[in-house]
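For the numbers below, each heavy atom of this structure counts, side chains included, while hydrogens, waters and symmetry mates do not. These numbers were taken from a predicted model, which means no experiment stands behind them. Residue indices begin at 1 and follow the sequence shown.
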Amino acid sequence: MSSLSSRAVLWRVLLALAVVALSVWITLTTPPRLGLDLRGGTRIVLETRDTPSVRADAAATDRALEVLRKRVDGLGVAEPSLARSGERRIVVELPGLRDPRQAAEVIGRTAQLTLHAVTGAAEGPAGPAAADGKRVLADPDAPGRFLALAAPALTGEGVEEAEATLDTTTGRGWTVDLSFRDRAAGTWARLTGDAACAAPGDPARRVAIVLDDRIVSAPAMQSGVPCGAGIGGGSAQITGGFSGQEARDLAALVQGGALPVPVTTVEQSTVGPTLGADAIRASALAAVIGLACTGVFVIVVYRLLGLLATLSLLLYGLISYAAVVALGATLTLPGLAGFVLAVGIAVDANVLVFERAREEYAALGRPAAARDPRRPVATAFGKVWSAVADSNVTTLLAAGLLFVFASGPVKGFGVTLAIGVVASMLTAMVITRLFAEWTLRLPAVRRRPAIIGIAGLGRLRTRLNRRVPRLMARRRRWLIGCAALLMVALSGIGVRGLELGVEFTGGRVVQYAAERPVDADTARAAVVGAGFSDAVVQTTGDESVSVRTRETGDDEQREIREALSGVAGPVAVERDDLIGPSLGGELRTHALIALGLAVAAQLLYLTVRFRWTYAAATVAAMTQDVLLVVGLFAWLGKPVDSVFLAALLTVVGYSVNDSVVVLDRLRELRRRGGGIPLPDLADRAVAQTLPRTVNTGMGALFVLVALAVLGGDSLTDFSIAVLAGVVFGMASTVFTAMPLAVTLESRHPAPAPQATAAQRQRAGSGRDRSGAVV
């Protein structure tokens with residue numbers, strides 16, 4: 001082995017050991033942050049109040065809700081739930097919050113940020129007289145002194161970003177750094193430029209930063225600030241001897257903006273999980289069974305290499321979990337389901353490598369006893385890198401845009417998705433490779449290629465090599481069939497409509513006081529047994545049960561009350577409110593924008609890496625898969641909620657990943673295909689990658705079926721959506737993406753690649769080195 005390759009192996013070993021050791025340490029020392037559905041949390045009920053200028057009606061309350069959502073995100077609380085209850089109340093549920101009183105104080109403040117020129121200062125209890133609309137407030141730097149302020153020159157609406165930072169260079173401690181929007185940046189420069197023209201020591205040389213009715217900072221312009229020009233760059237800094245938490249809270253208030261109407265806290269309580277212990281145990285059991293079946297399947301198909309891949313998958317789970325915990329992300333049951341599903345799909349890169357290793361081993365052409373399996377395995381890892389990179393980069397682009405532009409559960413999904421992609425690439429391309437290299441150094445292993453798992457091409461591959469199916473000759477027929485299926489799905493949306501869940505439509509929440517204590521599992525079973533399978537049931541005390549449903553009449557509520565009375569004794573209604581959607585219009589808008597940008601970014605990347613024809617075919621197949629899943633749920637009458645949204649995002653990632661792998665093989669075949677027609681090369685690409693598609697899909701299906709059967713009502717719809725998406729994704733790659741790519745390439749051909757003499761000779765013989773018909 002050369003010194004260069006030895007150095008590369010050493011670096012891979014050090015990287016793997018460092019990542020695994022760090023993951024073990026984080027797992028053992030850092031507790032996870034569980035969501036409302038798994039652990040419960042804090043519920044804060046706020047009520048909006050009228051002002052002389054604004055009435056606290058439903059519209060004003062909705063605007064206040066969106067401001068509060070930004071503040072909660074700024075506090076670092078992931079996966080919160082916010083909804084309007086009635087006309088004036090806002091229900092905020094914060095999972096795993098340690099200090100609910102502080103959260104109630106921060107999110108409930110009016111937080112009107114203004115910046116003023118200082119016109120004067122005076123000592124004494126009263127301070128200078130206020131006139132001409134000026135405000136007189138206490139000077140934070142000198143007790144007993146008051147500052148007279150001009151009318152606001154800037155408000156918080158001009159702030160683009162607020163961030164808490166630790167200033168170690170000047171010794172100011174924690175500060176809040178502000179960056180202004182374009183027009184506000186110019187106003188800030190004029191404000192500071194006017195102040196810089198005042199004489200040193202003159203109060204007019206200061207600029208006051210006011211939050212509500214308190215000056216939090218009033219810095220004087222330094223000598224280096226030019227008179228008239230002021231501070232450019234559109235940035236400012238709020239100082240005030242803040243602690244780290246105070247600086248973060250202030251940044252959250254400024255970033256979220258001012259509340260349009262004041263709010264007061266009318267209730268604060270601890271709520272139990274929306275899912276009971278039985279549902280959590282059932283889901284955990286389903287995850288274990290599904291992953292065990294996936295591991296057994298991979299071992300049966302790929303033998304020793306499959307065993308090594310299974311060990312890598314276990315490390316993948318460890319690394320992903322540690323990354324989620326280290327980032328402080330909130331673990332919810334849908335998120336955990338997506339995490340478990342990602343473990344099943346993470347086998348994809350390993351399957352790509354193993355199938356390619358089988359090809360390279362067969363291409364050696366020598367008797368089995370004379371073949372060294374180390375070179376085919378090493379070559380396979382090198383050749384599949386482009387396919388793995390392209391498919392994962394497209395997914396990372398989507399995850400990054402979802403994180404930046406979306407909010408709520410969509411933002412959380414982006415974090416989990418990005419972590420899963422990075423961890424899968426590390427385990428598949430580094431750790432599995434190390435395991436394989438170490439194992440194949442043993443002479444006893446090298447002499448038994450059948451045990452390794454690369455001795456044969458497999459039954460499916462062998463049959464496809466003997467007779468490559470001529471699918472692309474009927475590509476118009478496949479495209480017409482897919483279009484017809486898509487029309488059936490879309491007609492379901494038009495005929496049946498989408499059954500939007502409570503999170504999108506709002507509904508009714510009723511809190512009952514029970515005669516005797518009842519646990520969440522028992523109460524939930526009673527409500528579901530009464531025919532309300534989509535109800536959200538929580539315990540909010542020893543003898544209090546909260547039930548949230550779609551907007552229902554008195555008869556339905558009487559049925560729920562009677563069902564609860566059967567398990568908790570007579571129950572009385574404590575509170576009955578209509579509640580607005582927790583996934584409000586702004587969140588939905590941001591989610592759609594994020595999805596649109598994600599699709600555009602994928603299209604651009606694939607255009608650069610492949611061609612626009614390939615990119616258009618991939619995105620078209622992905623769009624078809626999404627619409628088919630949505631249409632299926634419309635026909636089945638299944639609810640569309642945040643869990644379904646997470647499932648749909650999973651389908652997007654899986655569909656693009658599958659199409660990119662097949663198109664990458666088509667690109668490779670075109671480079672060495674000589675003058676072979678494109679439809680024949682496309683058939684060959686499908687035949688070569690079909691075993692990978694089937695095996696990867698089977699790995700995901702084991703997990704999904706287990707979740708659908710054993711995961712309970714909470715995960716059944718999620719599993720059905722992703723299960724359908726996986727099947728649609730496998731089919732759309734062959735019957736939509738490839739036919740469309742061939743059709744577009746035929747109408748808009750690319751310059752033909754130049755083949756080498758050896759490639760032309762192999763093409764003329766009709767077979768490549770593996771013996772497969774080209």
Side-chain angles (χ1 to χ4, degrees), residues 37 81 274-275 279 282-283 286 290 332-338 340-341 408-410 413 485-508 524-525 527-537 547-552 556 560 581-583 587-588 591-592 595 622-655 700-701 703-729 731-732:
D37 52 359
S81 173
T274 57
L275 298 172
S283 301
T332 60
L333 194 57
L336 287 176
V340 171
L341 175 65
V410 181
F413 184 87
L485 184 62
L486 185 59
M487 292 301 297
V488 172
L490 294 176
S491 66
I493 301 174
V495 174
R496 298 284 303 265
L498 292 177
E499 189 73 20
L500 297 178
V502 178
E503 294 161 311
F504 286 105
T505 64
R508 189 173 182 178
R524 185 175 297 103
V527 174
V528 171
F532 300 90
S533 58
D534 60 344
V536 178
V537 182
V547 180
R548 187 173 64 197
T549 61
R550 295 188 184 93
E551 190 168 344
T552 54
E556 289 83 357
I560 293 176
S582 58
L583 299 180
L587 188 148
R588 295 197 300 270
L592 291 176
L595 283 174
M622 179 265 291
T623 305
Q624 172 188 288
D625 295 338
V626 170
L627 293 176
L628 288 176
V629 173
V630 174
L632 175 65
F633 264 54
W635 282 113
L636 295 177
K638 295 287 187 180
V640 174
D641 51 17
S642 62
V643 176
F644 174 79
L645 186 60
L648 215 57
L649 293 171
T650 306
V651 172
V652 169
Y654 184 88
S655 176
L701 292 178
V703 180
L704 291 170
V705 171
L707 289 174
V709 174
L710 301 174
D713 295 333
S714 56
L715 282 180
T716 298
D717 292 345
F718 174 88
S719 304
I720 291 175
V722 183
L723 194 62
V726 169
V727 175
F728 292 150
S732 69

| Is there side-chain contact between Phe728 and Val626, with heavy atoms separated by less than 4.5 Å? |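 In short, these two side chains do not touch, never coming nearer than 4.5 Å.
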| Is the shortest heavy-atom distance from the side chain of Leu490 to the side chain of Ile493 under 4.5 Å? | yes
| query | What heavy-atom pair brings Trp635 and Ser491 nearest, and what distance separates the two atoms? | reply |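 Looking at all heavy atoms of both residues, the shortest contact is CZ2-OG, 3.5 Å.
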| Which pair of non-hydrogen atoms, one from Leu486 and one from Leu628, has the smallest distance, and what is that distance? | CA-CD2, 4.0 Å
| request: Working to the nearest 0.5 Å, report the span between CG of Leu627 and CG of Leu632. | output: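 The CG atom of Leu627 sits 12.5 Å away from the CG atom of Leu632.
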| Taking atom CG of Leu485 and atom OG of Ser732, what is their separation to the nearest 0.5 Å? |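 Going from the CG atom of Leu485 to the OG atom of Ser732 covers 10.5 Å.
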| query | Can you list every salt bridge (Lys or Arg N to Asp or Glu O under 4.0 Å) pair that touches residues 624-638, not counting sequence neighbours? | reply |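 Output for this query lists Lys638-Asp717.
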